[in-house]
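Numbering of ligands and ligand atoms starts at 1, following listing order.
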Amino acid sequence: MNDTTEGLSPTESLSGGPRRRIVAADFRRVMGQFASGVTIVSTRDGGRDFGATASAFTSLSLDPPMVLACLFRGAATEEAIRRTGRFGISILRDDQGAVAECFASRHPDRFSTVDYRYGEAGVPLIKDALAHVECRVSEAVKGGTHTVFLGSVHSAVRYDGRPLAYFAGAFGHFLVGDDAAVYSAIRAMILVDGLPPGSPLSVPHLVESLSAEPAAVLAALKRLTAEKRVARDPQGEYVVGGLDLRTALDMISASRTIEVGVAELTVGWVEESDLTSLARLADQPCRAFPRSADGAGPDFHERLVALAGNPRLLNHYRELSTVTAHTGIGPGEAPGDSDHAAIVTGYRDGNLSTVISAIDRHARRLREAWQRCAAG
Ligand SMILES: Cc1cc2nc3c(=O)[nH]c(=O)nc-3n(C[C@H](O)[C@H](O)[C@H](O)COP(=O)(O)O)c2cc1C
């Protein structure tokens with residue numbers, strides 16, 4: 001299959017030739033599509049340590065073991081490596097984005113900002129990196145603005161962890177397929193199953209229950225912590241994060257918007273069988289009450305949103321609806337289920353404004369319950 005039959009149009013297309021030059025900034029953007037790891041290339045010369053961030057690094061040969069690194073000609077580290085004929089590589093870990101930034105900056109003393117040690121060949125190596133490689137320069141080749149250093153490997157050490165990734169000018173995490181599945185599974189436990197805030201998320205337990213690698217579970221928990229879905233308790237253990245009032249109110253408002261949108265689409269168009277099942281659920285306790293232990297089963301609100309027949313929308317709504325499961329609001333304070341009945345009546349009568357008023361009333365009561373809860 002060629003480009004035209006695939007039907008994909010490029011977002012950017014460059015072509016050079018005798019009378020046309022590819023502009024460096026444009027070329028950098030295209031090359032930014034190549035995801036890589038990030039290293040610090042370093043050496044020690046005249047009692048001074050040199051080091052620079054470099055993504056232009058790759059292994060070259062296994063036997064003999066060789067690597068290559070490309071550095072801008074005339075840059076301090078490049079010149080120092082040409083003088084000493086040796087260099088070290090520290091492959092950075094996913095929490096070392098700040099190290100990469102510092103070693104690409106004009107910081108007057110980059111090594112004062114990190115822990116490092118000297119390797120067997122005497123070059124500085126960044127501590128807590130994923131791997132260290134020390135090399136002797138076997139060839140230094142000029143390539144455009146850069147020098148390509150071919151290095152014969154003197155020593156190589158590997159540590160556990162995940163790499164710092166670099167893509168399109170930004171640092172990020174590298175997720176293997178399994179990681180993505182583990183992340184989704186833990187996220188669903190919190191958002192769809194509605195685990196209450198403070199519930200422990202024990203790493204060994206998750207490893208066992210999800211049949212996952214510990215590194216995948218840890219990567220997922222870190223990512224969920226950054227998203228504020230997960231927190232650390234005072235002992236440093238991972239727990240389900242709590243929602244602050246502002247986020248909860250935003251989520252209630254988003255849920256309400258979805259419900260109103262669904263009502264606008266569906267009032268007057270709903271099958272009798274759908275109305276019957278909605279009416280059946282109207283009598284059941286609203287999930288504005290803390291969810292009971294057996295809390296499974298369809299919820300009135302989810303059934304309402306399902307009327308739109310859009311599974312993606314329903315999934316998003318489910319994530320928002322767990323706000324109600326996290327309130328800690330006592331049954332006496334929960335919004336009245338009479339709103340559910342009013343919604344069903346509006347649907348039966350084909351009366352959109354009755355439905356929307358009931359949805360609004362319900363959201364308002366939920367907001368008030370949250371505000372009371374926050375006020376203690
Ligand atoms: C993610 C990232 C990757 C980089 N990769 C390279 C590289 O492969 N080669 C290079 O010469 N410069 C690269 N740089 C830029 C250098 O780190 C930067 O120019 C640094 O200041 C050079 O230090 P020096 O002048 O002390 O040698 C990179 C910068 C960043 C942020």
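Side chain of Arg256 to main chain of Arg364: no donor-acceptor pair is present (N/O by atom type, distance under 3.5 Å, no hydrogens or angles).
The closest approach between a heavy atom of Arg110 and any atom of ligand 1 is below 4.0 Å. Using 4.0 Å as the threshold, Phe50 has no heavy atom nearer than that to any atom of ligand 1. The shell of residues lying under 4.0 angstrom from ligand 1, judged by heavy atoms, excludes Arg106.
Using a 4.0 Å cut-off between heavy atoms, Phe171 contacts ligand 1 through its side chain alone, with no backbone atom that close. The residue Glu101 has no part lying near ligand 1, judged by heavy-atom distances below 4.0 Å. At a heavy-atom distance under 4.0 Å, atoms from both the backbone and the side chain of Phe72 approach ligand 1.
Defined by atom type and a distance below 3.5 Å, a donor-acceptor pair is missing between the side-chain atoms of Ser155 and Glu120. For the 3.5 Å distance criterion, the side chains of Arg86 and His154 fail to qualify, holding no donor opposite an acceptor.
One finds no salt bridge joining Asp179 and Arg223 here, because no Lys/Arg side-chain nitrogen approaches an Asp/Glu carboxylate oxygen to under 4.0 Å. Using a cut-off of 4.0 Å between Lys/Arg side-chain N and Asp/Glu carboxylate O, Arg303 and Asp274 are scored as salt-bridged. A salt bridge links Glu272 to Arg348: at least one charged side-chain nitrogen sits closer than 4.0 Å to a carboxylate oxygen.
Linking ILVMFWY side-chain heavy atoms closer than 4.5 Å, directly or via other members, places Tyr317 and Leu249 in a single hydrophobic cluster. A single hydrophobic cluster is seen to contain both Leu352 and Ile258, as judged by linkage of ILVMFWY side chains at heavy-atom distances under 4.5 Å, directly or through other members. Linking ILVMFWY residues whenever their side-chain heavy atoms come closer than 4.5 Å, directly or via other members, places Ile356 and Leu304 in the same cluster.
Ligand 1 has a nitrogen or oxygen under 3.5 angstrom from a nitrogen or oxygen of Ala56. Taking any N or O of Tyr166, backbone or side chain, none lies under 3.5 Å from an N or O belonging to ligand 1.
The residue from Gly169, Ala69, Cys102, Cys70 that puts a heavy atom closest to atom 9 (N) of ligand 1 is Cys70.
Here the heavy atom of the protein found nearest to atom 17 (O) of ligand 1 is Thr53 O, 2.7 Å. If you check which protein heavy atom lies closest to atom 29 (C) of ligand 1, you get Ala104 CB, 3.8 Å. The closest protein non-hydrogen atom to atom 22 (C) of ligand 1 is Ala52 CB, 3.7 Å. Remark: minimum distance from atom 5 (N) of ligand 1 to any protein heavy atom is reached at Ser55 N, 2.9 Å.
Residue-ligand proximity, His146 to ligand 1, at heavy-atom distances under 4.0 Å covers atoms 10 (C), 11 (O). Taking a cut-off of under 4.0 Å to the non-hydrogen atoms of Phe103, the atoms of ligand 1 that pass are 17 (O), 20 (C). Each of the following atoms of ligand 1 lies closer than 4.0 Å to a heavy atom of Thr77: 24 (P), 26 (O), 27 (O). Atom numbering of ligand 1 starts at 1 in the shown order; those under 4.0 Å from a heavy atom of Leu71 are 9 (N), 10 (C), 11 (O).
A distance of 11.0 Å separates OG1 of Thr354 from CD1 of Ile359, quoted to the nearest 0.5 Å.
Arg232 forms a cation-pi arrangement with Tyr238, by the criterion of a distance under 6.0 Å to the ring centre and an angle within 45° of the ring axis.
Within 4.0 Å of atom 25 (O) of ligand 1, at least one protein heavy atom is present.
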